[in-house]
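See below for the structure under consideration.
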Amino acid sequence: MNLLLMSLNAGALPGFLRRHTGREPSALRLGFIDDAGAPYADQPFGSFEWNQLTDLGFRLTRMTVGKYRDARDFASDLGTVDAVYLSGGHTFVLLGALQSNGTGEVLTERVRAGLPYIGLSAGSVVAGPNVEPVAPLDDPADAPGVTDFTGLGLVDTVVIPHADGLLPPYPPSMIEEVVRTYGGRFPLTRVNDDQALLVEDGTATLIPSVIT
């Protein structure tokens with residue numbers, strides 16, 4: 001499996017996909033799973049990720065997993081893209097969408113079979129074994145149907161995004177609360193906004209992810 005789990009900046013993404021597809025961004029199509037952003041659709045930052053990716057040259061196909069009535073349709077759509085990108089936003093809302101209709105199982109199967117996985121913030125967190133540790137960042141009550149916090153299990157650590165505390169909604173005190181409350185129960189990896197957790201051939205490495 002090959003995963004790139006980012007916090008905010010996507011600078012590591014072009015190189016990651018060149019290694020795993022052999023092609024340049026303009027020749028690649030990303031399946032853009034946007035469910036995490038639904039609670040913030042009317043906010044100015046809602047278009048940040050889409051613009052960041054198109055500025056890098058990628059062609060995007062929007063895939064809202066919560067709208068699929070049949071996971072087989074989602075599986076068919078995954079066959080038309082070169083990699084899958086799970087956007088940032090609300091982690092528990094994203095998890096609920098993946099749990100609601102079997103799309104989470106389909107996605108996990110495809111990534112284990114070789115489809116490159118890119119996550120940003122919430123999209124990075126759900127790749128791990130459990131999303132409970134980000135409850136201080138995203139209120140689980142905003143996704144009342146989600147009672148099982150088990151993630152996709154593609155990696156064995158819980159990514160804690162925005163770990164440098166530079167974004168106003170996630171001050172250093174909040175990050176320290178996460179570590180203090182959950183560090184004894186879950187394996188945590190802090191990822192700063194200019195970093196990404198790269199997972200290739202079973203090895204996870206923190207790397208820079210700065211757009212220059």
Side-chain angles (χ1 to χ4, degrees), residues 1-20 25 30 32-34 36-37 40 43-53 55-56 58 83-95 116-139 151-152 154-212:
M1 290 187 297
N2 299 298
L3 300 91
L4 185 68
L5 306 178
M6 305 179 293
S7 177
L8 182 66
N9 295 316
L13 181 51
F16 170 76
L17 287 177
R18 285 190 191 101
R19 286 194 303 278
H20 296 294
L30 303 186
F32 187 90
I33 294 178
D34 63 355
Y40 314 108
Q43 300 296 317
F45 59 81
S47 60
F48 166 76
E49 288 180 74
W50 185 277
N51 292 339
Q52 181 173 234
L53 295 173
D55 287 349
L56 288 169
F58 294 105
V84 65
Y85 179 104
L86 280 72
S87 77
H90 201 297
T91 303
F92 296 92
V93 170
L94 172 59
L95 182 64
Y117 180 110
I118 305 109
L120 188 141
S121 192
S124 296
V125 179
V126 297
N130 198 290
V131 305
E132 184 182 348
V134 298
L137 284 68
D138 293 330
D139 188 352
L152 298 178
L154 296 168
V155 293
D156 59 6
T157 187
V158 182
V159 167
I160 305 302
H162 317 301
D164 42 10
L166 297 181
L167 290 182
Y170 314 110
S173 59
M174 182 179 290
I175 303 302
E176 292 306 319
E177 178 189 352
V178 168
V179 175
R180 183 174 59 254
T181 304
Y182 297 101
R185 294 173 50 203
F186 299 96
L188 308 179
T189 299
R190 304 192 204 193
V191 181
N192 295 341
D193 285 338
D194 61 355
Q195 294 178 320
L197 183 66
L198 173 67
V199 182
E200 292 178 322
D201 301 322
T203 300
T205 310
L206 272 176
I207 63 171
S209 187
V210 181
I211 295 178
T212 57

Against Y85, only a single residue in D34, L120, I33 fulfils side chain to side chain contact (heavy atoms under 4.5 Å, CB included); can you say which? L120
Between Y182, Y170, F92, which is the residue that forms a side chain to side chain contact (heavy atoms under 4.5 Å, CB included) with V134?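 Of Y182, Y170, F92, side chain to side chain contact (heavy atoms under 4.5 Å, CB included) with V134 is met by F92 alone.
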Is there side-chain contact between [X] and [Y], with heavy atoms separated by less than 4.5 Å?
X: V158; Y: P129; value: yes
X: V179; Y: I160; value: no
X: I207; Y: L4; value: yes
X: L137; Y: T91; value: no
X: M174; Y: H162; value: no
X: L94; Y: V125; value: no
X: I118; Y: L17; value: yes
X: L53; Y: L13; value: yes

Please check if the side chain of [X] supplies one atom and the backbone of [Y] the other of a donor-acceptor pair under 3.5 Å.
X: N9; Y: D193; answer: yes
X: T189; Y: V159; answer: no
X: N192; Y: D194; answer: no

Partner set under ring pair (Phe, Tyr, Trp, His ring centres under 6.0 Å) for F16, not counting sequence neighbours: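 Scan of F16 (ring pair (Phe, Tyr, Trp, His ring centres under 6.0 Å), adjacent residues dropped) gives H20.
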At what distance, to the nearest 0.5 angstrom, does [atom1] of [X] lie from [atom2] of [Y]?
X: L152; Y: L86; atom1: CG; atom2: CG; value: 7.5 Å
X: S124; Y: Y117; atom1: OG; atom2: OH; value: 7.0 Å
X: R185; Y: L188; atom1: CZ; atom2: CG; value: 10.5 Å
X: D201; Y: N2; atom1: CG; atom2: CG; value: 6.0 Å
X: S7; Y: L166; atom1: OG; atom2: CG; value: 9.5 Å
X: L56; Y: F58; atom1: CG; atom2: CZ; value: 6.0 Å

Shortest non-hydrogen separation from [X] to [Y] and the atoms involved:
X: G88; Y: S121; result: CA-CB, 4.0 Å
X: E132; Y: N130; result: N-OD1, 2.8 Å
X: A36; Y: A122; result: CB-CB, 4.0 Å
X: G11; Y: P14; result: O-CD, 3.5 Å

Is the ring pair Y40/H90 parallel, tilted or perpendicular, if the boundaries are 30 and 60 degrees? parallel
May I have the step-by-step check of side-chain contact (heavy atoms from CB on, under 4.5 Å) for L3 and L154, ending in yes or no? CA-CA 9 Å; L3 300 91; L154 296 168; 3.8 Å; yes
Within 6.0 angstrom of D156 CG, more than 12 heavy atoms from elsewhere: no
Quick one: do V131 and D138 satisfy side-chain contact (heavy atoms from CB on, under 4.5 Å)? Show the steps, please. CA-CA 10 Å; V131 305; D138 293 330; over 6 Å; no
